[in-house]
Amino acid sequence: MALTVEMVTFDTTDAVALATWWARQLGGEVRDEADGWFVVAVDVTGVARVGFQKVDAVTPGKNRVHLDLSAQDARAEVDRLVADGATYVDTHTEGGFTWTVLADPDGNQFCVSQS
């Protein structure tokens, strides 16, 4: 038996707004709006899917799962993401590898590194 990751899903109080923000960042689109309670953002390739599930209250604190994203020009992407509502958290370098931690408008942290 083998498992396939179908999508990563985040809890949020506004699934449509957060899915719309992520779709814009991924160069994709919002799909499968289920009356605003479960919304999917799909990247430009149509393969990577990120889900957003509406809940009454999100669990407080740092998210236990996060997205690791890469870009050909990570610095430019970080600047673009921050300009569009992401929050800069920190930059780390370990073993010659550098990544930047950001948070989306709901506070979910994610990382951006050079591809």
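Side-chain contact check for L81 versus V112: some heavy-atom pair is nearer than 4.5 Å. Residues V82 and T87 have side chains not in contact (no heavy-atom distance under 4.5 Å, counting atoms from C-beta outward). Considering only heavy atoms from C-beta on, T100 stays 4.5 Å or farther from C111 through its side chain. F52 has its side chain out of reach of T9: every pair of non-hydrogen atoms, C-beta onward, lies at least 4.5 Å apart. Counting heavy atoms from C-beta on, the side chains of Q53 and V55 come closer than 4.5 Å.
Under the 3.5 Å distance criterion, the side-chain polar atoms of Q114 are matched with a main-chain donor or acceptor of A74. With hydrogens and angles disregarded, a donor-acceptor distance shorter than 3.5 Å links the side chain of D43 to the backbone of A48. Formation of a donor-acceptor pair under 3.5 Å by the S70 side chain with backbone atoms of S115 is not found in this model.
Both L102 and L69 sit in one connected hydrophobic cluster of ILVMFWY residues. Membership requires side-chain heavy atoms under 4.5 Å apart, directly or through other members. Under the 4.5 Å side-chain contact rule for hydrophobic residues, L67 and V30 do not share a cluster.
Applying the under-4.5 Å side-chain rule to Ile, Leu, Val, Met, Phe, Trp and Tyr, the cluster around F97 extends to V89, W99, V101. Here F38 is tied into one hydrophobic group with M7, W37, V40, V42, each link being a pair of ILVMFWY side chains closer than 4.5 Å.
Between D79 atom CG and D84 atom CG the span is 12.5 Å, to the nearest 0.5 Å.
Enclosure of atom CZ in R75 is not indicated, since only 12 or fewer non-hydrogen atoms of other residues, nucleotides or ligands lie within 6.0 angstrom.
Here the closest heavy-atom approach between residue V65 and residue N63 is recorded as O-ND2, 2.6 Å. Of all the heavy atoms in P105 and L18, the pair that sits closest is CD-CD1, 4.1 Å. Minimum interatomic distance between A19 and A41 (heavy atoms only, all atoms of both residues): O-CB, 3.6 Å. The two residues H66 and Q109 have their closest heavy-atom pair at CB-O, 3.1 Å.
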Checking T93 against T98 for the side chain to side chain donor-acceptor pair (under 3.5 Å) test, could you report, in this order, the C-alpha distance in whole Å, the side-chain angles of both residues, the deciding distance, and whether it holds?
CA-CA 4 Å; T93 300; T98 300; 2.8 Å; yes

Start with the C-alpha gap between R80 and Q25, add the side-chain angles, then the distance that decides, and say whether side chain to side chain donor-acceptor pair (under 3.5 Å) holds.
CA-CA 9 Å; R80 184 188 68 76; Q25 306 322 311; 2.8 Å; yes

What's the verdict on side-chain contact (heavy atoms from CB on, under 4.5 Å) for V50 and L26, showing C-alpha distance, side-chain angles and the deciding distance?
CA-CA 10 Å; V50 185; L26 298 171; 4.2 Å; yes

When you look at D104 and W22, which way does the side chain to side chain donor-acceptor pair (under 3.5 Å) test go after all the steps?
CA-CA 8 Å; D104 70 16; W22 273 103; 2.9 Å; yes

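Classification of E29 and R31 as a salt-bridged pair holds, one side-chain N sitting under 4.0 Å from a carboxylate O. Ion pair D14/K54 not flagged as a salt bridge, since none of the NZ, NE, NH1 or NH2 atoms sits closer than 4.0 Å to an Asp/Glu carboxylate oxygen.
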